[in-house]
Amino acid sequence: MESHLKQLFPAEEIHLAVHRLAAEIRRDYAGKTPLLIGILKGSFIFLADLIKALKAPVEIDFIRAASYGSGTASSGNIRITKDIDAGIENRDIIVVEDIVDTGLTLNVILKHLTARNPASLKLCALVDKPHRRQLPIKIDYLGFHAKENFLVGYGLDYNEKYRYLPGLYVME
Ligand code: IMP
């Protein structure tokens, strides 16, 4: 393990949080088949664990947005680089995001999806960093709050590194 990474949420805690979120979603969508839309790339592990924990019929799709520039700060100039494949009109949609930071990316994605008239649209996020927010975002299902600035692991990267780590770590 790299010495500049400090564990914040171990895999066992993430597992419990994912199962708690799955139970909430299962209860709220009983009898329905929601479409879970994961935001690439960071949410892929979270989405996979979430649908396994759900043990209920769901469908999945992916969307990807990019902000110009790299590193740890969002530049605010966001465009959708991979759209969902299917129509979502009259579907129950749950957007699955790894971490909500400034809210700039989600603001663009949620507006983009809302414009297509889904029956409902909710947001499930593994981590919220409210101190970083620039635009208000309502999170319907949330795993953890974090006060730290930048996390890696469990799908989250820093310049494509550390996604494979089973827990969530703070970069120091
Ligand atoms: P935004 O600032 O809320 O628009 O965040 C955009 C994206 O930046 C998120 O979907 C994440 O993929 C990425 N991101 C934000 N904060 C972190 C972090 O702490 N670690 C890794 N990726 C992050």
Side-chain angles (χ1 to χ4, degrees), residues 1-11 13-15 17-18 21 25 34-51 60-85 88 93-116 118 121-172:
M1 180 58 56
E2 328 240 348
S3 57
H4 60 288
L5 297 183
K6 193 181 97 206
Q7 193 171 63
L8 188 61
F9 302 114
E13 257 183 71
I14 297 174
H15 177 88
V18 168
L21 296 174
I25 292 171
L35 174 66
L36 274 56
I37 300 181
I39 303 183
L40 291 172
K41 299 180 194 170
S43 73
F44 76 109
I45 293 178
F46 178 39
L47 179 67
D49 284 350
L50 187 64
I51 67 166
I60 65 151
D61 205 340
F62 290 98
I63 193 166
R64 186 166 190 198
S67 66
Y68 298 99
S70 64
T72 59
S74 176
S75 71
N77 199 347
I78 287 145
R79 68 196 162 92
I80 289 171
T81 54
K82 186 233 168 284
D83 206 347
I84 49 173
D85 296 326
I88 58 167
I93 306 300
I94 305 174
V95 172
V96 178
E97 173 64 307
D98 50 4
I99 188 161
V100 187
D101 190 68
T102 63
L104 296 170
T105 307
L106 269 169
N107 180 56
V108 169
I109 288 175
L110 294 176
K111 273 191 187 148
H112 175 77
L113 296 175
T114 303
R116 298 190 190 176
L121 182 64
K122 288 198 176 183
L123 174 63
C124 175
L126 182 65
V127 183
D128 186 17
K129 296 192 291 187
H131 66 290
R132 300 264 309 158
R133 197 76 88 256
Q134 291 179 27
L135 291 174
I137 296 287
K138 180 172 177 280
I139 304 176
D140 301 285
Y141 305 99
L142 176 66
F144 302 105
H145 281 105
K147 298 186 295 292
E148 291 72 13
N149 275 337
F150 204 79
L151 310 189
V152 294
Y154 197 69
L156 291 168
D157 76 310
Y158 173 69
N159 286 343
E160 295 303 323
K161 284 163 56 174
Y162 311 126
R163 291 194 200 274
Y164 67 94
L165 295 172
L168 277 163
Y169 294 78
V170 183
M171 280 192 27
E172 303 193 300

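Computed from heavy atoms alone, side chains included, the values below leave out hydrogens, waters and symmetry copies. Whatever order the structure lists them in is the order used to number ligands and atoms, beginning at 1.
- To the nearest 0.5 angstrom, I109 atom CD1 is 10.0 Å from I137 atom CD1.
- Ligand 1 places these atoms under 4.0 Å from at least one heavy atom of D101: 1 (P), 2 (O), 3 (O), 5 (O), 15 (C), 16 (N).
- For D98, every heavy-atom contact with ligand 1 shorter than 4.0 Å involves the side chain, none the backbone.
- Of all atoms in ligand 1, listed by their number and element, those nearer than 4.0 Å to a heavy atom of T102 are 1 (P), 2 (O), 3 (O), 4 (O).
- On a distance-only criterion, V152 and ligand 1 share no N/O pair closer than 3.5 Å.
- Within the 4.0 Å heavy-atom criterion, the part of L156 lying near ligand 1 is the side chain and not the backbone.
- Residue contacts with ligand 1: L151 is placed with a nitrogen or oxygen under 3.5 Å of a nitrogen or oxygen of the ligand (distance criterion only).
- Under the salt bridge (charged side-chain N to carboxylate O under 4.0 Å, His left out) criterion, D140 pairs with K138, sequence neighbours left out.
- Remark: side-chain polar atoms of H4 are not paired, donor with acceptor, to backbone N or O of E172 under 3.5 angstrom.
- Residue E97 has at least one heavy-atom neighbour below 4.0 Å for each of these atoms of ligand 1: 9 (C), 10 (O).
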Does the pair K41 and D98 meet the rule for a salt bridge (charged side-chain N to carboxylate O under 4.0 Å, His left out), with working shown?
-> CA-CA 9 Å; K41 299 180 194 170; D98 50 4; over 6 Å; no
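- Atom CD1 of residue I84 and atom CD1 of residue I63 lie 6.0 Å apart, to the nearest 0.5 angstrom.
- Atoms of ligand 1 found under 4.0 Å from any heavy atom of D157, numbered from 1 in the order shown, are 21 (C).
- Note on D83 versus R64: no salt bridge recorded, every NZ/NE/NH1/NH2 to OD/OE distance being 4.0 Å or above.
- With ligand atoms numbered from 1 in the order given, ligand 1 contributes 16 (N), 17 (C), 18 (C), 19 (O) to contacts under 4.0 Å with heavy atoms of K129.
- Every atom of ligand 1 with a heavy atom of I99 under 4.0 Å away is listed here by number and element: 9 (C), 10 (O), 11 (C), 14 (N), 15 (C), 16 (N), 17 (C), 18 (C), 19 (O), 23 (C).
- With rounding to the nearest 0.5 Å, the separation of NZ in K6 from CD in E148 is 6.0 Å.
- Partners of F62 by ring pair (Phe, Tyr, Trp, His ring centres under 6.0 Å), not counting sequence neighbours: none found.
- Taking a cut-off of under 4.0 Å to the non-hydrogen atoms of T105, the atoms of ligand 1 that pass are 1 (P), 4 (O), 5 (O), 6 (C).
- A distance-only check finds no donor-acceptor pair linking the side chain of R133 to the backbone of G103 [under 3.5 Å].
- Residue R132 does not touch ligand 1, judged by heavy-atom distances below 4.0 Å.
- Residue contacts with ligand 1 for N149 involve N, CA, C or O but no side-chain atom from C-beta outward (heavy atoms, distance under 4.0 Å).
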